[in-house]
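Report on one structure; see the data block that follows.
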Number of protein chains: 2
Amino acid sequence: MKKYKIKDDNDLKECEKLSISTDILIFSVSDEIQSNYRKLNKKHFSVLLAKRDTYPFEGKWCLPGGFVKPGEDIEDAARRILVDKTNIHDIYLEQLYTYGEVNRDPRMRVVSTSYMALIDKNRLNDKISNNLSWFNIAVTEDEKTINVTLDNNNEEIKFKIAKTLKEKTTDRYKYKILENDKLAFDHPLIIVSGISRLKNKLEYTDIVFNMMPKYFTLSELQQVYEVILGKKLLDPAFRRIIANKVEKTNEMRTGGGHRPSILYKYKTTN
Amino acid sequence: MKKYKIKDDNDLKECEKLSISTDILIFSVSDEIQSNYRKLNKKHFSVLLAKRDTYPFEGKWCLPGGFVKPGEDIEDAARRILVDKTNIHDIYLEQLYTYGEVNRDPRMRVVSTSYMALIDKNRLNDKISNNLSWFNIAVTEDEKTINVTLDNNNEEIKFKIAKTLKEKTTDRYKYKILENDKLAFDHPLIIVSGISRLKNKLEYTDIVFNMMPKYFTLSELQQVYEVILGKKLLDPAFRRIIANKVEKTNEMRTGGGHRPSILYKYKTTN
DNA sequence: TTATGTTATAATCATAGTGTTAATAAGAGA
DNA sequence: TCTCTTATTAACACTATGATTATAACATAA
């Protein structure tokens, strides 16, 4: 048996060309005032991207990430990068998927583990560095392709992914990049599968509350679901589903020109 | 910005000590005749383990796995190992999680990506090599710990895992090995989190059918669910849930000393 | 041949959950 | 005071689920 045994010298010789990196999908939902005439603030689902200023893919956008240092755990590296970008320590962070294709980086073999971070954008207060930018996410999908448009109110990034259902042999979907001009590496794949994971997890976990402020109205919470899932939900149905996850407070949010809404908070003791 | 840029020579010097490996959780469910008196064949949920015969952890059991070769995709490596162990090509294979702790292997830094493979054990026909063995899985769990017993009718492997709920900061559970004598590396963690993923996926995917023969009775299918989830299900409820996933055939299974059961097959065109 | 054991399968009913529509509540501003 | 707007709840039909019970059909033994 040759398990866990380096088979020949070639293995060791080639080793020096290998690195581990991590790429982080930092997702958030934010209000954006659409018009001053009537304060119509619409929520957006968004992801944080960085503009590359070095080889390779110089000038293209990419996910915040970096190499895992020698002696550093992968998750520690992800958190280091996350703190570096946001200056916030207690951010929800979850490992998603590891990308091990041989030629995904032109410099050398780089195996990258992607993480998903969820944050309430209000906590940032524009503390992000100047090469970083939030892009609003718009996804349209049919049986075979996924079209994604990312928009930071200044630049638009569009890409297209082919989706094939690989039955019995691998994960539910196998993605392949069809069109992509502005994103570096295989990051379109990482973004698409990350969005898909988040959507799924919304339904069977309490993951949303990591993107919410401590106090929120049920309408706000519903809008967060709607903007991530990309579809409208019916009020009473939604309220019943999350009823036992939240707790009423005595506070109200007034000033909207309509009936005030009760502020709720996440009920942790469940 | 230092993203994707090797920071100093130290990075490269240390690189040569890094390797990528993959460990595969090969799960199956099998009949085992418990008694000859009355043909009471009970199903078991089981995982395939290999006995190590080299340093490190010589003599201990581990998951089938191995190093990813230079120039080989991680998933290709997983499939290569899977085919090597089973001689079957079209086995369901799904990436689970990447273990990146610095000292998980005493030889050098080894980052391991775990995969889950699901197989109908009948397809193997005892084709497995002699250092491999199927272990039946028994899990008991309370709020804080998970106890696992693996049994191959010859040897018993027991281990205990602490389960902490790390709120807001990482995946739902953080596992830590409390007791473990007979398993190599951090494989108790890989096994426990793999079982947990399989249990979850049973509920919201059609993943089970990868462990089933082409034709099966509803009782057999139900037993597979029961033995993996570790609890009894009610017949009518179960039948309603899987009703639209399966398709009746004209065949029956007779010979059980009772009413014969209709054979079903998985309805792929959904 | 008939009775009995055993499991397969369906019928039944109560209860819980969900989708949908519509009604009511209450602040802001005219 | 009236109107606009959104928040919140009520009400109803419908669907899904949990649980119990009834019936079907084969194998085996009397």
Side-chain angles (χ1 to χ4, degrees), chain A residues 31-43 202-204 206 212-213 215-227 229 231-265 267 270, chain B residues 31-43 202-204 206 212-213 215-227 229 231-265 267 270:
Chain A
D31 301 302
E32 278 172 46
I33 285 88
Q34 294 284 302
S35 145
N36 283 326
Y37 169 56
R38 292 195 181 207
K39 271 179 254 158
L40 218 180
N41 50 350
K42 203 181 160 190
K43 286 196 185 295
L202 271 196
E203 297 190 354
Y204 65 93
D206 291 358
M212 302 300 294
Y215 301 103
F216 49 85
T217 70
L218 292 189
S219 306
E220 286 166 357
L221 184 59
Q222 184 173 341
Q223 279 172 49
V224 171
Y225 271 92
E226 289 175 343
V227 83
L229 296 176
K231 64 179 181 192
K232 283 277 166 198
L233 303 175
L234 290 165
D235 298 9
F238 177 77
R239 275 155 189 268
R240 273 185 298 231
I241 290 164
I242 49 98
N244 54 344
K245 296 181 179 178
V246 294
E247 201 171 356
K248 256 185 196 171
T249 69
N250 296 321
E251 306 293 312
M252 298 278 240
R253 172 157 306 156
T254 56
H258 51 79
R259 176 173 175 173
S261 24
I262 300 165
L263 286 174
Y264 286 78
K265 63 178 180 178
K267 198 202 285 174
N270 222 359
Chain B
D31 301 302
E32 277 171 48
I33 285 87
Q34 292 284 302
S35 144
N36 285 326
Y37 169 57
R38 294 197 179 202
K39 271 179 255 156
L40 218 181
N41 51 350
K42 204 181 160 192
K43 286 196 185 296
L202 271 196
E203 296 190 355
Y204 66 93
D206 292 358
M212 301 301 292
Y215 302 102
F216 48 84
T217 70
L218 293 187
S219 305
E220 286 166 356
L221 184 59
Q222 184 173 341
Q223 280 172 49
V224 171
Y225 271 92
E226 288 176 343
V227 83
L229 295 176
K231 64 180 180 190
K232 284 278 166 197
L233 303 175
L234 290 166
D235 299 7
F238 177 77
R239 276 156 188 268
R240 275 186 297 233
I241 291 165
I242 48 99
N244 54 345
K245 295 181 180 179
V246 294
E247 200 170 356
K248 257 186 195 169
T249 69
N250 297 320
E251 305 293 312
M252 298 278 240
R253 174 157 304 157
T254 56
H258 51 78
R259 177 172 176 175
S261 24
I262 300 166
L263 286 174
Y264 286 79
K265 63 178 182 179
K267 199 202 286 174
N270 224 358

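Chain letters run A, B, ... following the sequence lines, proteins first, then strands; residues in each count from 1.
Between the C1' atom of D:dA24 and the CE atom of B:M252 lies a distance of 10 Å, rounded to the nearest Å. B:F238 has its CZ atom 17 Å from the C1' atom of D:dA19, to the nearest Å. The CD-C1' distance, from A:Q223 to D:dT6, rounds to 11 Å in whole Å. Between the CD atom of A:Q222 and the P atom of D:dT9 there is a distance of 13 Å, given to the nearest Å. With rounding to whole Å, B:L233 atom CG is found 16 Å from D:dA16 atom C1'. The distance between atom CD1 of A:I262 and atom P of C:dA25, rounded to the nearest whole Å, is 14 Å. Distance CD (A:E251) to C1' (D:dA7): 17 Å, rounded to an integer number of Å. Rounding to whole angstrom units, NZ of residue B:K232 and P of C:dT7 are separated by 10 Å.
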Which parts of nucleotides 14-24 of chain C does protein reach within less than 4.0 Å, heavy atoms only, written one letter per nucleotide 5' to 3' as B for base, S for sugar-phosphate only and - for none?
----BBBB---
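For the pair B:Y264 and B:T249, the minimum side-chain heavy-atom distance is 4.5 Å or more.
Between A:Q222 and A:L233, the shortest heavy-atom contact is NE2-O, 3.1 Å. Closest non-hydrogen pair, A:M212 versus A:V224, comes out as SD-CG2, 3.5 Å. Closest heavy-atom contact between A:L218 and A:R239: CD1-NH1, 3.5 Å.
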Start with the C-alpha gap between B:D206 and B:K245, add the side-chain angles, then the distance that decides, and say whether side-chain contact (heavy atoms from CB on, under 4.5 Å) holds.
CA-CA 8 Å; B:D206 292 358; B:K245 295 181 180 179; 3.1 Å; yes
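Partners of A:Y225 by ring pair (Phe, Tyr, Trp, His ring centres under 6.0 Å), not counting sequence neighbours, listed by chain and number: A:F238.
For A:S219, a side-chain nitrogen or oxygen approaches OP1 or OP2 of D:dA7 to under 4.0 Å.
For B:T254, taking side-chain heavy atoms from C-beta onward, the closest of the listed nucleotides D:dT8, C:dT9, D:dA27 is D:dA27. Closest to the side chain of B:H258, from the set C:dT6, D:dA7, D:dA25, is C:dT6.
The nearest heavy atom of DNA chain C to B:P260 and to B:G257 marks one nucleotide each, and the one closer to the 5' end goes with B:G257.
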When the side chains of residues 252-262 of chain B are checked against the rest of the protein, which donor-acceptor pairs come out under 3.5 Å, sequence neighbours left out?
unit_1 : atom_1 : unit_2 : atom_2 : d
B:R253 : NH1    : B:E220 : OE1    : 3.1
B:R253 : NH1    : B:E220 : OE2    : 2.0
B:H258 : NE2    : B:G256 : O      : 3.3

